[in-house]
Amino acid sequence: MRGLIKVGLGVMATLGSMAAWADYSWNFPTPVTPIAHETLEVHNLFMIIITVIFFAVLAIMLYSMWAHRKRDGHQAADFVKPNSRKQWAWVMVPFAALLFIDYVVFGIPAYHAVLMYEDTKTDADMVVKVTGSQWLWEYEYPEEGVKFTSRLVTPRTQVMNVDPKGEHYLLEVDNPLVLPVGKKIRFITTSNDVIHSWWVPAFGVKRDAVPGFLREFWATIDTPGVYRGQCAELCGKEHAFMPVVVHAVPEAEYREWLASKKSGQAQLAASTDQTWGKDDLMQTGADVYAKSCAACHQPDGKGLPPAFPPIAGAAVASTAFMDAEGNMVKGGHLDTVMNGRTGSAMRAFKEELSDVEIAAVVTYQRNAFGNAAGDLVQPLAVKSLR
Amino acid sequence: MTTAANHADHAHHGHHPKGLAHWLTTTNHKDIGTMYLIFAFTMLLTGGAMILGVRAELFQPGLQLMQPEFFNQLITLHGLVMVFGAAMPAATGLANWMLPMTIGAPDMALPRLNNWSFWILPPAALMLVLPFFLGLAGIGPGAVDTGWTMYAPLSIQTGWGMDFAIFAVHMLGVSSILASINVIVTILNMRAPGMTLMKMPMFAHGFLMTAGLLILIMPVLAGGVTMVLLDRHFGTHFFNAAGGGDPVLWQHIFWFMGHPEVYVLLLPIAGAIPHVLSAFSRKPMYGYRAQVYSIWSIAALSLVVWAHHMFTSGMSVGGQLYFMYSTMLISLPLAVLFFCWIATVWRGSVSFETPMLFALGFVILFGWGGLTGLVLADAAAVPQYHNAYFLVAHFHYALYPTTVMGAMAAIYYWLPKWTGHMLDERLGKLHFWTVIVGVNLTFIPQFFVGLAGMPRRIPDYPLMFAEWNMLSSTGALILGISHLMFIYIVIKCVRGGKKAEASAWEGATGLEWTVPSPAPYHTFETQPVVK
Ligand SMILES: [Cu+2]
C-alpha cells in the first residue's frame, strides 16, 4: 500500500508539473493572488485524484466486462456479499481511502483555504467598494473619496456581427478599476438592484453583490497587468455585457492615477456650478443616454414595452419636473431619473450619474425623439434637489 | 401502449369509455404510466428543442439568432421543463408501470388519485410555457427568464411570465405530492404476502425514498414561490432588504428543495439499474442491504447540505465548513452504491443487450458527475467553479446519465413486458453509441471552457471560448438526434417485433417476469406469495 501511495504521488507530481507548463486556455488563468495560487494548486491536485479514481474504476469495469463475458462461456458466480473476514477487510479499503481523500487530502487544505479566503480584515491596506447595477459596475474608494462607474465599451455593431470583433470583445470597459500591486485590498460588494457576482478568474475570487447587504473578500495582486472577468450571476437581459476589467499597477502609478481622478472630479464639481447652454446639454445628454438609457429604452427612445416604456411621446417628458418653488415634482421626469420608480425596472440614477450628466440626459430626453418640452435642466438644480 | 388492446380480454369489467374519454378517466396504473411516459418524452423534446436553440446561438460569439431576453427565457424553461416536466414524470411513469408489477399488487393503492395526479400535469406544463408562445406571437413579455433557480430580486422584477411559472410550480408540486402519497401507500400496504421490506425490489426502495423526499421538499418550494408572488403583487418584502427582507432567504428556500431534488431524480434510477445489471450479468444483486441503507442515508443527507449551492453568496466560516464537510459525507453512500453495482457485474456471465449498455453507460458517466461533484464541495475552490460552465458540465454529467440514460435503460429493460415484443437490438445499440458520443462531445468541452472562465447563462461570450463552444454545440445536435432514434425504436417495438417470452431476458428475476408479456391489464388478480 505504501508503495502504491509513492507511485501515485510520483504520477501526480509529474502530471502536476505538466499542468503547470500548459498555457491554461483549458484551465484556470495564471494566478496572481495568494488565494488564486492556492486554489489552482488544490484544483490541479483534485483533478488528478478524481481522474485517477475514474480511470482506475473504469479499468476495473472494462476488465470485468471483457473477462466475464457470456459469449466466451463465462459462468456466473453467485456471491452477494463479502463472505469472510478477509473479504470484508478488502471491501472496507476503498471506503477508507475515500474518507481519507475527502477529509484529509481535500478536507485539511480546504479548511485552511476557507479561513484564508474569509480573512478580509487582518492587515488590509485599503478598501474598494464594488456595487453591481443593471448592467455596470460602480467602484468607490471610500478613503479617497473617489467614485466612478465602469461599463462595457464593445460597440453593439460587433455584437450584432456587423463589424469584426476586437481582441478584447466583451471584456473591455470605459473606466477600469485601477489597483496597486502588493497591497492587501479589502473589497466590499453590494448591489443597487438584483444580485450580481463579481468575478476575476486570475484573482481566484467570486463574490455575490446582494442588494441591501454587504459582502466582502480580499486580494493582494502580485503581478502588474490587466485582468478581466465577467458578472457571474444572471442579472437580467444584459448579464453577458457587464465585464470586470482591473488594471494592476505599481503603487506610484496608482497614486498618480488617483490624483488625476480626484482633480477630474473637482473639475466636474466646478462645471456643476456654471449655467449650461442647450447645445452643450444636448451633446452631453446624447452620450449619457447612449451609455445609460439606450439598453432598455432603446436608441430611438421607443423602449421595449411593457417592461421598458417609451420615452418618445411620454407624458412625463413634457410635463413640469420642478414646481414654482423649486421643489421636485413627485413622479416627474427628474424625480424618475434620480430616484427611480419602485416596483419597476427603472432604478435610481442619482448615485450613478453626476449632476451634469443627469441635467444633460433629462434635457436630452425632453428635446429628442420628437419630444419638444423646450425647457433645460441645469446641473445646479439637480444638485439642489439631491 | 398496448394496454388499450388488452381491453378486449377484460370486457367483463363493464362499461369502459373509449377513445379520449378512456384516457381522461382511466384509473389503470398501466394506462396512467403510459401517459406519464408519453408526457415526459414530449417535455424532453420540448426542453431539448429549447436548448438546441441556445446551443445554436452559442455556436459562435456574437448574437446571431436571438436577443438576450429571449435567450434567458430559453435557458429558464429548459431547466424547469426538464426537471419538472421530463425527469420527474418519467420516473413516476416507470413507478406506475412497475411498482404494482414488481411488488405483486393488482394496481396502485389509490387509482383515482393516480388519475388526478397525472391530469394536473398537462395544464401545469401548458401554464409554464404559455407565456413563451404568447411572447413569440408578440403578446406580453414572454416566459419566466430568471434561470430555473428564480433568484430574487430578479424574479420580483421580471414580467408576468414569472406569475405563470409560480402557478405552474404549485400545480406540479400538487401533482408530485399526490403521486408520492400514492407510491408510499402502495409500497407499504400492497406488497405480496411474504415480501417484507427487506425482500422488496430495489426499485421500490428507490422510489419509496424519492416519494418521501418529495413530500418533504415540494411544500417548501410552494411556500417559497408564494412569497415571491406576495412580494411581486401584494407589497410584502420577504426578499427585499429595504423592507427588512433578505434576497438570500430565497436561495435557502430554493436549495432546500433544489438539492434533495437531485436525489429525487437519482434514487428511482439507482433503484432500477441494479435489476438491469443483475439480469444481464446473470448474477444476483450484490450487497442488497448495503444498497438499501445507502439509499436511505443518501435521502437523509440530501436534506442537510443545501447551502453548498451558495458558497459565493456569502456565508459564515462555520457555515461554509459545515456544508462542505457534510456534502463530502454523501460521497460515502454513493460510493457504496457504485461498489455494489460494479460487484454485481463482477464475475457474472455478462452480455450487452441495449438495456445493459445504457445501465453501464449510466454507471460510468454518472461516476464522473459524482467525482466532479466532490471537487465542487470544496468551499474555498468553488468560487472558480460556481456559476461557470464547469458547474453546468458537472450537473449535466450527474443529471443526463441518470434521468435520461438511466430511465432509458429501465424503459428498454421493461419494454418487452409492456409491449410483448423484443426491441430492435441493432437500432438500440446504435442509439446507445450516438448518446455516448453526443453526451461527451456536448459536456466535456464545457468543463474546459468553464475552467477558462466562461460564466453560465450568457448568450454571447469572449472570443477565447469560441472553439469549445463550437464543439459543445455540435455534440448537442448529435444528442438531440439520438432522442429521435429512441422514439423510433419504441414505436417500432410497440408495433411488432420478435415475440417476448414471459421472462423476456435470460437472467431477469422478479415477480414482473412471472406474468405473460405483455402483462395482463390487471397484473395480479390473485396475489402471488413471496417465500
Ligand atoms: Cu450582473
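Chain identifiers are assigned alphabetically (A, B, ...) following the order of the sequence lines, protein sequences preceding nucleic acid strands; residue numbering begins at 1 within each chain. Here the structure is a predicted model, which is why all the values come from computation and not from measurement. These numbers come from the heavy atoms of this one structure, side chains and all, not from hydrogens, waters or symmetry mates.
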Honestly, the part of B/A242 sitting under 4.5 Å from a heavy atom of chain A is neither
Using a cut-off of under 4.5 Å on heavy-atom pairs, state which of A/A113, A/A36, A/P201, A/A202 scores highest against chain B. A/P201
Taking every heavy-atom pair that is under 4.5 Å apart, which of A/H168, A/Q158, A/E216, A/K81 has the most such pairs with chain B? A/K81
With a 4.5 angstrom heavy-atom cut-off, could you sort out which part of B/A377 is near chain A: side chain, backbone, both or neither? neither
Distance-only, no hydrogens or angles: does the B/Y286 side chain make a donor-acceptor pair with backbone N or O of A/F79 under 3.5 Å? no
Can you find a heavy atom in the side chain of B/D378 that is under 4.5 Å from one in the side chain of A/F106? no
Contacting moiety of A/Y63, where chain B heavy atoms sit under 4.5 Å: side chain
Given that the side chain runs from C-beta out, which part of B/L332 has a heavy atom under 4.5 Å from chain A: side chain, backbone, both or neither? both
With a 4.5 angstrom heavy-atom cut-off, is it the side chain or the backbone of A/F241 that approaches chain B, or both, or neither? side chain
Under 4.5 Å from a heavy atom of chain A, the part of B/Q73 involved: neither
Given that the side chain runs from C-beta out, which part of A/I195 has a heavy atom under 4.5 Å from chain B: side chain, backbone, both or neither? both
Between B/T372 and chain A, which part of the residue has a heavy atom less than 4.5 Å away: side chain, backbone, both or neither? both
Can you see which heavy atom on A/A232 is nearest to which on B/N387, and at what distance? O-ND2, 2.6 Å
Between B/M285 and chain A, with a heavy-atom cut-off of 4.5 Å, which part of the residue counts as in contact: side chain, backbone, both or neither? backbone
If one checks every heavy atom of A/T51 against chain B at 4.5 Å, the contacting part turns out to be both
Let me know if A/I60 has heavy atoms under 4.5 Å from chain B in its side chain, its backbone, both or neither. both
Quick one: does A/C231's side chain get under 4.5 Å of B/P455's, heavy atoms only? no
Parallel, tilted or perpendicular: ring planes of B/W346 versus A/H68, cut at 30 and 60 degrees: perpendicular
Please answer whether the main-chain N or O of A/G107 pairs with a side-chain N or O of B/Y325 as donor and acceptor at a distance below 3.5 Å. yes
Could you check whether any side-chain heavy atom of A/Q230 comes within less than 4.5 Å of a side-chain heavy atom of B/Y461, counting everything from C-beta outward? no
Heavy-atom cut-off 4.5 Å, strictly under: side chain, backbone, both or neither for B/D246 against chain A? both
Where on A/Y117 is there a heavy atom nearer than 4.5 Å to chain B: the side chain, the backbone, both, or neither? side chain
Can you give me the closest heavy-atom contact between B/I364 and A/F54, atom names plus distance? O-CE1, 3.4 Å
Heavy-atom distances under 4.5 Å only: say whether B/S313 touches chain A with side chain, backbone, both or neither. both
At a heavy-atom separation under 4.5 Å, does B/V336 approach chain A through its side chain, its backbone, both, or neither? both
Looking at A/K206, is its backbone amide N or carbonyl O close enough to the side chain of B/T312 to form a donor-acceptor pair, meaning the two atoms are under 3.5 Å apart? no
Side chain / backbone / both / neither for B/D460 at chain A, heavy atoms under 4.5 Å: both
Can you see which heavy atom on B/P284 is nearest to which on A/A77, and at what distance? CD-O, 4.4 Å
Between A/V57 and chain B, which part of the residue has a heavy atom less than 4.5 Å away: side chain, backbone, both or neither? side chain
Quick one: does A/Y103's side chain have a donor or acceptor within less than 3.5 Å of a partner on B/L329's backbone? yes
Would you check if the side chain of A/H74 reaches a backbone N or O of B/G348 as a donor-acceptor pair within less than 3.5 Å? yes
Per-residue contact mode, B/Q67 against chain A (heavy atom under 4.5 angstrom): side chain
Does any heavy atom of chain A fall under 4.5 Å from the side chain of B/Q320, the backbone, both, or neither of them? side chain
Select one option (side chain, backbone, both, neither) describing which atoms of B/Q251 are under 4.5 Å from chain A's heavy atoms. side chain
Backbone of A/T39 reached by a side-chain donor or acceptor of B/Q384 within 3.5 Å: no
Give me the atom names and distance for the closest heavy-atom approach of A/L234 to B/L154. O-CD2, 3.5 Å
Taking the ring centre of each residue, are B/F339 and A/F95 less than 6.0 Å apart? yes
Measure from the side-chain N and O atoms of A/N161 to the backbone N and O of B/L63, and report whether any donor-acceptor pair falls under 3.5 Å. yes
Top contributor to chain B interface from A/P243, A/P82, A/G166 [non-hydrogen pairs under 4.5 Å]: A/P82
Checking A/P211 against chain B: side chain, backbone, both or neither under 4.5 Å from a heavy atom? both
